Colleague: 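Handing you a structure now.
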Amino acid sequence: MKRIDVQRKVVTKNDRIAAENRKIFKGLGAFVINMVSSPGSGKTSLIEATVKALKDEANIFVITGDLMTDNDAARVARHGIEVSQVTTGEACHLDASMVAEKLETWKSEKCDLVIVENVGNLVCPASFDLGEDVKVLLISVTEGDDKPIKYPPMVRASSVLVISKIDLLPYVDSDPETIQANALKIQPDMKTFRISCKTGEGIDQWIDWLRSQLETKRRIRERL
Amino acid sequence: MHELSIATQIFDLVKKVMKEHSARRVGEIRVEVGKLSCIDPASLRFCFEAVAADSELAGAHLAIVEKYPRGRCRSCGKEYEVRIDDFRCNHCGSDDFEIISGSDVLVTEVEVE
């Protein structure tokens, strides 16, 4: 027997489909967010707040993922924008092929913002590139301030941290500074927001940041 | 957690190597699994055996080496093994670093005849 030196990285079918999705998103000119968190951290509420604020100034497409029901899609659709629900059955994460399938239903040549709401899960979605620009990680103040260091691959893969439900701070033992510091130990480049969808606190800063990302994409589109 | 997908890709990759070297049999397949890849070695082995059964790779076995993530500090220039709960530089504590390995699955060597 002889030994062959191979030294090749394993690239999965999901990686390949994610790369194709990325090309489609580029053609649409869209800024694409993959929103991840534990179940119940407030992803859908943040998406609702986002589409309420931006729907008159941007074309928005939302893809929501859950094992069952289209409750999340229905909540977002109430705001009058295009939403598509993926019910995965048993898959605990969205993958690039599910997003690709939903992308086929977007009929316009342009899109400003795509928000993918992943299945609530801090483990598996970290391994499945969907073709997004950024992963936005939500951690609520009820989850324990050491949450980021319990899930390093997900934190490492995310560019933005949204600390949610800050209206509950008087009732829980949580210090958002500690959550943030723990996240920055794993991903020092993370941008952080602190919000309450209930009171609206912090939402303006999140929306302003999104606006700047949409503006950057618009400028790129105009140059091409 | 997508061990079956990875196992399928390893299978396809090794078949290609076999063809490139006109090999009839495969023995050991050395695979490096980065700790940040979230791939469980035992599950990967199980999935590979399932994928390879009844094929020309039946009998091939995975030798899996787990690789802890390694960082390179941009402040002090040193490399270090990354602590799983704190990625900052072990030497100087800087948060200006890059992860240079430990995120991927690599097929490093294949034994053929």
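Just so you know, these numbers come straight off a predicted model, no measurement behind them. Residue numbers begin at 1 in each chain, while the letters A, B, ... track the order of the sequences.
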Colleague: With rounding to the nearest 0.5 Å, note down the distance linking NZ in B:Lys16 to CZ in A:Arg8.
Modeller: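 The CZ atom of A:Arg8 is 6.5 Å from NZ of B:Lys16, to the nearest 0.5 Å.
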
Colleague: Quick check for you: to the nearest 0.5 Å, what is the distance between B:Arg83 atom CZ and A:Ile149 atom CD1?
Modeller: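 Atom-to-atom, B:Arg83:CZ and A:Ile149:CD1 are 11.0 Å apart.
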
Colleague: Taking all non-hydrogen atoms of both residues, which atom of A:Ser127 and which atom of B:Ser37 are closest, and how far apart?
Modeller: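 In terms of heavy atoms, the two residues are closest at OG-O, 3.7 Å.
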
Colleague: Among B:Val107, B:Leu106, B:Val14, B:Val31, which residue satisfies the side-chain contact (heavy atoms from CB on, under 4.5 Å) criterion with A:Val6?
Modeller: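 In the set B:Val107, B:Leu106, B:Val14, B:Val31, the residue that makes a side-chain contact (heavy atoms from CB on, under 4.5 Å) with A:Val6 is B:Val107.
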
Colleague: For B:Phe46, I'd like to know if atom CZ has over 12 heavy atoms of other residues, nucleotides or ligands within 6.0 Å.
Modeller: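 12 or below, so no.
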
Colleague: Rounded at 0.5 Å granularity, tell me how far CD1 in A:Ile4 sits from OG1 in B:Thr108.
Modeller: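 If we round to the nearest 0.5 Å, A:Ile4:CD1 and B:Thr108:OG1 are 12.5 Å apart.
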
Colleague: Can you confirm whether more than 12 heavy atoms, excluding those of A:Asp173, are under 6.0 Å from its CG atom?
Modeller: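 Counting other residues, nucleotides and ligands, CG of A:Asp173 stays at 12 neighbours or fewer.
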
Colleague: Against chain B, label A:Val155 side chain, backbone, both or neither, depending on which of its atoms sit under 4.5 Å from a heavy atom there.
Modeller: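 Contact with chain B involves no heavy atom of A:Val155 at all.
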
Colleague: Heavy atoms only, distances under 4.5 angstrom: which of B:Thr8, B:Ile99, B:Ile10 has the most pairs with chain A? Name it, please.
Modeller: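 Going by pairs under 4.5 Å, I would pick B:Ile99.
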
Colleague: Is it true that, when you exclude A:Glu215 itself, more than 12 heavy atoms of the residues, nucleotides or ligands shown sit nearer than 6.0 Å to its CD?
Modeller: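 Above 12, so yes.
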
Colleague: To the nearest 0.5 Å, what is the distance between CG (B:Asp95) and CG (A:Asp189)?
Modeller: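 It comes to 8.0 Å.
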
Colleague: Measure B:Glu20 against the heavy atoms of chain A and call it side chain, backbone, both or neither at under 4.5 Å.
Modeller: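 The side chain, not the backbone.
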
Colleague: Inspect the surroundings of CG in A:Asp5 and state if more than 12 heavy atoms from other residues, nucleotides or ligands are less than 6.0 Å away.
Modeller: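 Yes, the 6.0 Å shell around CG holds more than 12 heavy atoms from other groups.
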
Colleague: Contact part of B:Val17 toward chain A, heavy-atom cut-off under 4.5 Å: side chain, backbone, both or neither?
Modeller: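 Contact with chain A: side chain only.
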
Colleague: Out of B:Asp104, B:Asp85, B:Leu36, B:Val112, which one racks up the most heavy-atom pairs below 4.5 Å with chain A?
Modeller: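 Among B:Asp104, B:Asp85, B:Leu36, B:Val112, the one with the most close pairs to chain A is B:Val112.
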
Colleague: Between CZ of A:Arg3 and CD of B:Glu28, what distance do you get to the nearest 0.5 Å?
Modeller: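 If I round to the nearest 0.5 Å, the distance is 4.5 Å.
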
Colleague: If every non-hydrogen atom of B:Ser5 is compared with every non-hydrogen atom of A:Thr12, which pair is closest and at what distance?
Modeller: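 Heavy-atom minimum between the residues: OG-CB, 3.6 Å.
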
Colleague: Which atom pair, heavy atoms only, marks the closest approach of B:Phe97 to A:Lys185?
Modeller: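 The pair with the smallest heavy-atom distance is CZ-O, 4.5 Å.
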
Colleague: So what's closer than 4.5 Å to chain A heavy atoms on B:Leu13: side chain, backbone, both or neither?
Modeller: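 Contact with chain A involves the side chain of B:Leu13 alone.
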
Colleague: Contact between B:His2 and A:His93 at the side-chain level, heavy atoms closer than 4.5 Å - yes or no?
Modeller: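 In short, these two side chains do not touch, never coming nearer than 4.5 Å.
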
Colleague: With rounding to the nearest 0.5 angstrom, report the CD to CZ distance, A:Gln7 to B:Arg30.
Modeller: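 Reported to 0.5 Å precision, the distance equals 10.5 Å.
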
